[in-house]
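Data block below; observations after.
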Amino acid sequence: MWFPSDPEQTPADRFLAEVAAAGYDWIEIGPYGYLPTDPNELSDQLERHGLRVSAGTVFEHLHRPDSWADVWKQVTDVAALTRAVGGGHIIVIPEPWRDHKTGAALESPELSPEQWRNLTTGMDELGRRILEEYGLHVQFHSHADSHVGYQRDIERFLADTDPRHVNLCLDTGHVSYYRGDNLELIRRYPERIGYLHLKQVDPAVLDEVEAEDLTFPEAVRRGVMCEPPRGVPEMEPLLDAVAGLGRDVYAIVEQDMYPCAPEDPLPIARRTHTYLGGCGNGAVEIGRPRG
């Protein structure tokens, strides 16, 4: 989900029921306010559907001056709720330089050296404090239309941040959106792969994105994020590579769909569950569909 409240998204109660019906066990809190923000109410709903929370989500703009207080205010809400319902991670997503609904440019797509230092030192401090004060691990999520999207940006970010406090939520779709190599990132930075978002992109739509300089919202409307195994990256070798890390890694299955007809996600989620359950040479632990 992209927004706390939006009529063109699946309602929260339907989301929870359909995640369980499709067979998944774990979810993220998503944008703060989409799911109940009272820990007891959220725990009750999770228990009702047999679900658990792996992570909460925070959006950052730490490259901008005087941004810390706003980002930390998000953390105090999201991290407290995540910890209260048993989550172990905070996914930090850089705010896009384009408006996430209209695609209008909000700032330059490039950061100055000073802005880059503000981002990386700010992320180190954010990760340190979240770990010390909430016991949660920060995973940075590269994103389309943000300042950390291309593989070169991801590698630069990893080189300039402290692995004790910040690691990578490898979103396979967003890496592939910029023609990045997910397998190479896993091979080169095995110790920095802290979390996964599993999704694919449609290469044909990606060609349109590049040819027409489409914004990410328009790309999503055209179906750039697609149902596996119809897109890239190929999931079997990717999951094998993750299994080769020799440790458990949480993975959330996603497909960006906005706007979205309410009847569309569940059949896709069910087929994707079946597909992923057959990948990874038995290394993928996935739940069973529930009524």
query: Are R230 and E227 within salt-bridge range, i.e. N to O under 4.0 Å?
result: yes
More than 12 heavy atoms from other groups under 6.0 Å of CD on E184: yes
- prompt: Looking only at heavy atoms, which two atoms of T120 and D160 are closest? And how far apart?
  reply: CB-O, 3.6 Å
- request: Give me the one residue out of I91, I130, L131 that meets side-chain contact (heavy atoms from CB on, under 4.5 Å) with V138.
  value: I130
message: What's the separation between atom OG1 in T37 and atom CD1 in I29, rounded to the nearest 0.5 Å?
response: 10.0 Å
query: More than 12 non-hydrogen atoms from neighbouring residues, nucleotides or ligands closer than 6.0 Å to CG on D38, yes or no?
result: yes
field: Face-on cation placement of R152 at Y150 ring, 6.0 Å and 45° thresholds
entry: yes
message: Under a 4.0 Å threshold between the charged nitrogen and the carboxylate oxygen, would E47 count as salt-bridged to R52?
response: no
message: For the CD atom on E263, are there more than 12 heavy atoms of other groups (residues, nucleotides or ligands in this structure) within a distance under 6.0 Å?
response: yes
- prompt: Are a donor atom and an acceptor atom from the side chains of Y134 and T82 found within less than 3.5 Å of each other?
  reply: no
Lys/Arg-Asp/Glu bridge criterion (N-O < 4.0 Å) met for E218, R221: yes
message: Regarding E28 and Y34, do their side chains bring together a donor and an acceptor under 3.5 Å, going by distance alone?
response: no
field: Residues H141 and H197: side-chain donor-acceptor under 3.5 angstrom
entry: yes
message: Under a 4.0 Å threshold between the charged nitrogen and the carboxylate oxygen, would D207 count as salt-bridged to R179?
response: yes
message: I want to know whether F216 and H174 have ring centres closer than 6.0 Å.
response: yes
query: L196, I286: one ILVMFWY side-chain cluster at the under-4.5 Å cut-off?
result: yes
query: Looking at CZ of R48 and OG of S43, how far apart are the two atoms once the value is rounded to the nearest 0.5 Å?
result: 11.0 Å
task: Decide whether W97 and D145 meet the rule of one side-chain donor and one side-chain acceptor closer than 3.5 Å.
output: no
task: Assess the side chains of N182 and S176: does a donor N or O sit below 3.5 Å from an acceptor N or O?
output: yes
query: S54 and Y195: side chain to side chain donor-acceptor pair (under 3.5 Å), yes or no, with the steps?
result: CA-CA 10 Å; S54 57; Y195 199 95; 2.6 Å; yes
task: Heavy atoms only: give me the nearest P265-C260 pair and the separation to one decimal.
output: CG-SG, 3.5 Å
- request: Consider only side-chain N and O atoms of R98 and S146, and report whether a donor and an acceptor are under 3.5 Å apart.
  value: no
task: May I ask you to say whether E133 pairs ionically with R83, meaning some side-chain N is under 4.0 Å from a carboxylate O?
output: no
- prompt: Is a side-chain donor-acceptor pair under 3.5 Å present for E110 with Q115?
  reply: no
